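Keep in mind that this is a model prediction, so the values were computed, not measured.
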Amino acid sequence: MANVVVVGTQWGDEGKGKVVDLLTARADMVVRFQGGNNAGHTLVVEGRQFIFHLIPSGILYDDKKCLIGNGVVVDPQVLLEEIRSLADVGIMVGPSRLSLSERAHLIMPYHRTLDVARESAKGKSKLGTTGRGIGPCYEDKVARTGVRAVDLTEPEALEEKITKNVAEKNFYLTAVLGAEPLDAPSILEEYLRMGEKLKPYITDVSLELHGALGANKRVLFEGAQGTHLDVDHGTYPFVTSSNPVAGTASVGTGVGPGQLHHVLGIVKAYTTRVGAGPFATELQDEIGDCIQERGKEFGATTGRKRRCGWLDLVVVSDSVRLNGLNSLAITKLDVLTGLERLKICVGYELEGARLGHRPASLKKLARCTPVYKEMPGWQEDISKKRRLDQLPSSTRAYLDVIEEVTGVPISIVSVGAGRDDTIVVQDPF
């Protein structure tokens, strides 16, 4: 019985939500293993658009169990709002359908305030964070001063932590960042109120998964962001505050790595990134504007316009190595329809040397020149194609280059926004 891990291979926004939604039909459980509500999955099902920030996108299947693992940082207000918004459209999400790890750390008001105040103080040097408090929450987790979901069930422990943390954060906010202080009693009151609503969902996700795996249930592990936003392996410091790589599926849910059987890497047919940071194949011309418009490249969480560029297979190949990818899912291939010529970056050139990997040094990366393979585009609408052999020859050639350079087979090709606009070459399960 196979379990599948889904990860992004670029800078996030690769279309993981649609692929997870597709694969959930073959799974019994879907578990999110890292990140927070700075990520968003957009799905289009039967013409209706759904945007998820914390709840796994598999929640649209009423017979599947969704779980939020200990590696996720959770804003209780956002989680409750997602539960309410789903209820508004007739999708009821009770504890039988959703579990929240008791070990997951909670985003507090002071995390959001710190995030915004720090970013503002940096001026032109800002990193482009979402201001959702993700980084400061992970900081407290590592500093061993964080508030966990289990604390919502123990009012005295919650009060002690909030009182100590607010006193410390207020000093930093006022003395260093020039921001307004926060009120501990009002924060405690708010979180106790939200805790009453979330208590039924809070459980030991690791134990729940252990029981499911022992019963040969199929589990789909869902990550957020992308490999090159990884705090260790990404374009540091222009990264997120967690590890979106496949290995975190084990750490962030409490299962052994031997339970991760197939790692599926999601590759957008071109490249995008949100916020600041290096981007070797970025297009700052009418082609980039065209891709941005056709692909509706706006952040699902922030609404920010995404930077667009040609597909960078150096970035993807690094992700193959870092995640141990078994297969690839190509998304948004239809967005490239109508472009006369296409380019794929197959390497970097740095001071006369050819590189097949991204340097850790941002200074060296800034001096890298993309080495492109230029190919003819296609004009035919591919959104209704359901087999690879139905695609135009130039489309198939584009996919062939991806397989050849990365050395990884393609198992899924998305040719449109809808759930059914998909070519399944091989079932990852």
Side-chain angles (χ1 to χ4, degrees), residues 4-21 23-24 29-43 50-60 66-75 78-79 82 98 100-101 104-107 111 115 127-138 141 205 219-235 238-253 260 263-268 272-275 277 298-302 304 306 319 322-323 325 329 331:
V4 177
V5 183
V6 174
V7 295
T9 63
Q10 295 153 305
W11 283 286
D13 309 309
E14 299 96 348
K16 295 182 293 296
K18 175 185 172 176
V19 176
V20 168
D21 175 64
L23 294 178
T24 299
M29 308 179 86
V30 184
V31 55
R32 170 89 177 269
F33 60 80
Q34 52 76 224
N37 61 298
N38 56 337
H41 290 332
T42 303
L43 302 178
F50 298 87
I51 298 177
F52 299 100
H53 302 285
L54 286 171
I55 297 177
S57 44
I59 202 70
L60 296 181
C66 291
L67 307 97
I68 298 173
N70 57 275
V72 181
V73 290
V74 176
D75 188 322
V78 173
L79 179 56
E82 284 196 19
L98 178 68
L100 169 62
S101 172
H105 280 248
L106 302 181
I107 294 173
H111 294 139
D115 207 355
L127 298 174
T129 74
T130 61
R132 301 298 198 269
I134 310 299
C137 184
Y138 274 116
K141 177 178 180 176
V205 162
V219 180
L220 184 60
F221 296 84
E222 173 185 2
Q225 288 97 25
T227 297
H228 292 267
L229 288 176
D230 188 282
V231 68
D232 287 294
H233 303 290
T235 48
F238 300 97
V239 293
T240 192
S241 303
S242 60
N243 296 99
V245 293
T248 310
S250 175
V251 178
T253 61
L260 312 179
V263 183
L264 175 65
I266 314 301
V267 183
K268 190 181 286 185
T272 64
R273 79 172 299 170
V274 175
F298 296 90
T301 298
T302 63
R304 290 183 295 179
R306 297 177 186 138
S319 295
L322 293 167
N323 293 288
L325 297 183
T331 61

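- Taking CZ of Arg306 as the reference point, atom NZ of Lys268 lies at 5.0 Å (rounded to 0.5 Å).
- For the pair Val267 and Glu14, the minimum side-chain heavy-atom distance is 4.5 Å or more.
- No donor-acceptor distance shorter than 3.5 angstrom exists from the side chain of Thr227 to the backbone of Gln10, with no hydrogens or angles considered.
- Here the shortest heavy-atom pairing between His53 and Val78 reads CB-CG1, 4.4 Å.
- A side-chain contact (heavy atoms from CB on, under 4.5 Å) with Val4 holds for exactly one of Val30, Val263, Leu220; it is Leu220.
- Inter-residue side-chain proximity for Val245 and Val7 is flagged as unmet; no heavy-atom pair is nearer than 4.5 Å.
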Leu67 vs Val219, test: side-chain contact (heavy atoms from CB on, under 4.5 Å). Steps then yes/no.
CA-CA 10 Å; Leu67 307 97; Val219 180; over 6 Å; no

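- In this view, Asp75 and Arg112 satisfy the salt bridge (charged side-chain N to carboxylate O under 4.0 Å, His left out) rule, not counting sequence neighbours.
- In this structure, the separation between CD on Glu222 and OG1 on Thr24 is 7.5 Å, given to the nearest 0.5 Å.
- Of all non-hydrogen atoms in Arg32 and Thr253, the two that sit nearest each other are O-CG2, 4.3 Å.
- Checking side-chain atoms of Asn70 against main-chain N and O of Val251 turns up a donor-acceptor pair under 3.5 Å.
- Looking at every heavy atom in both residues, Asp230 comes nearest to Val239 through O-CG1, 3.4 Å.
- Between Val72 and Ser101 there is no side-chain heavy-atom pair separated by less than 4.5 Å.
- Heavy atoms only, all atoms of each residue included: Gln34 and Asn243 are closest at CG-O, 3.5 Å.
- In this structure, the side chains of Leu60 and Phe52 come closer than 4.5 Å at one or more pairs of heavy atoms.
- Taken to the nearest 0.5 Å, the SG atom of Cys66 stands 4.0 Å off from the CD1 atom of Ile59.
- Thr248 places no side-chain N or O within donor-acceptor distance of the main-chain N or O of Pro244, the cut-off being under 3.5 Å.
- Heavy atoms only, all atoms of each residue included: Gln225 and Gly35 are closest at OE1-CA, 4.0 Å.
- Between the CG atom of Leu106 and the SG atom of Cys137 there is a distance of 7.0 Å, given to the nearest 0.5 Å.
- Looking at heavy atoms from C-beta onward, Val74 lies in side-chain contact with Leu54 at the 4.5 angstrom threshold.
- Separating the NZ atom in Lys16 from the OG1 atom in Thr9 is a distance of 9.0 Å, to the nearest 0.5 Å.
- For the pair Pro56/Ile68, a side-chain contact is recorded, criterion being any heavy-atom separation below 4.5 Å from C-beta on.
- The two residues Arg132 and Asn37 come nearest to each other via the heavy atoms CD-ND2, 3.7 Å.
- Residues Asn323 and Val5 are not in side-chain contact: their nearest non-hydrogen atoms beyond the backbone lie 4.5 Å or more apart.
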Show, in sequence, the C-alpha distance, side-chain angles and deciding distance for Ser319 and His228, and conclude whether the side chain to side chain donor-acceptor pair (under 3.5 Å) test is met.
CA-CA 8 Å; Ser319 295; His228 292 267; 3.2 Å; yes

side-chain contact (heavy atoms from CB on, under 4.5 Å) between Arg273 and Thr235: does it pass, once the steps are laid out?
CA-CA 11 Å; Arg273 79 172 299 170; Thr235 48; 3.3 Å; yes

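- Note that the CG atom of Asp115 and the CD1 atom of Ile107 stand 9.0 Å from one another [nearest 0.5 Å].
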